[in-house]
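The structure appears right after this line, and notes come after that.
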Amino acid sequence: MRATLSVPCDHDAQAACGSPPVNDEQLLRYSRHLMLDAIAIEGQRRILASHALIIGAGGLGSPAALYLGTAGVGRITLVDPDSVDLTNLQRQIAHNLARVGQPKAESAAQTLRSNNPDLQLQALVQRADAALLDELLPSTDVVLDCTDNFRTRQLINAACVRHRKPLVSGAATGFDGQVSVYDTRRGDAPCYACLFPPDAAYEEVACSTMGVFAPLVGIIGSVQAAEALKLLAGAGTSLAGRLLMLDALSMRWDEITLRRQSGCPVCG
Ligand SMILES: [Zn+2]
C-alpha cells in the first residue's frame, strides 16, 4: 500500500517549497486526502503546516474541530469560556458525560488529541475579546466563528478584517442554519458586517430558549470545516460572497449572493 503513496517530491524539493516533510504514518493517515487531485500531497502539507482558530466549542465548534483535527490541521486553538452541561450532550459531539462540568475548550481538545496525537492544541477557557483576537490572529491562517452571540460575532469579524484573515462563519437555531465565508483579502468580497451591520438591533435568539435540532449544528459545523480545509489547502472555490441558508425541516438549501457595502463601518 505504501508504494502507491510515494511523495512526488524529494527532500531537497520539500525544503525548497517550505512545507514540512510528511512521514510514513502521515502518508497512511491522510491517504484518502492524498488521493484527491484537489488536495494531494501539496494541499495536505499546507493543511499540516496551518493554524486554525476555532471560537466556540459547542454545537458548531464540535464537528468543525473534530474534522480539522482528524484532517491534520497542524495547530488548532480552541476558545470557549463555558463548561460542559448535560443539556449540551444532545448535539455537542466533542464532549461526553464524564466531562460534564469541565471547560468545553479542554474537553474538545482532549477528544481531538485522542484521535490525532500529532496536533498542537491550545485550549483557552475565556471569552474572545478584541485583545485576545489581536494576540492570536497574526499567527492564524483561518478563523471559524462557532459562537452564538451577535456581539462576539462582530468582534471576530472586525478582527478578521483588521488582520486580513478569512472568516468561516456558521449559525444555527431551531431548524435554520446559515453558513458563509467572509474573506476580505479579496477586493470584492463582503465582511460579516456588510450583511449584519453592528449597530442594527437584532433580537438575540439563544438556543437555550429556542431549541436546536441536534444534527443541524453537525451539518453547518461540517460545512464550516469543509470551507476551512479548502481555504487552507488552496482547493476549489470558497463560499466567499455567498450565504447558504438551510431549512432543515424541509431540507431545502437557498443561496444568496453577498456584496461588499461601500458604507460598511468595518470594511468600507
Ligand atoms: Zn463590511
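One-based numbering, in listed order, for ligands and for the atoms of each.
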Protein N/O/S atoms under 2.8 Å of the Zn ion (ligand 1)? C191 SG, C194 SG, C264 SG, C267 SG
Has the side chain of H95 got a donor or acceptor atom that lies under 3.5 Å from a matching backbone atom of A57? yes
How are the rings of F175 and F213 set to each other: parallel, tilted or perpendicular (split at 30° and 60°)? tilted
Would you find more than 12 non-hydrogen atoms of other residues, nucleotides or ligands less than 6.0 Å from D37 atom CG? no
More than 12 foreign heavy atoms under 6.0 Å from CZ of R260: is that the case here? yes
Counting neighbours of OH on Y67 that are heavy atoms of other residues, nucleotides or ligands and sit closer than 6.0 Å, is the number greater than 12? no
First locate atom CG of L258, then atom OH of Y192, and finally report the distance between them rounded to the nearest 0.5 Å. 11.5 Å
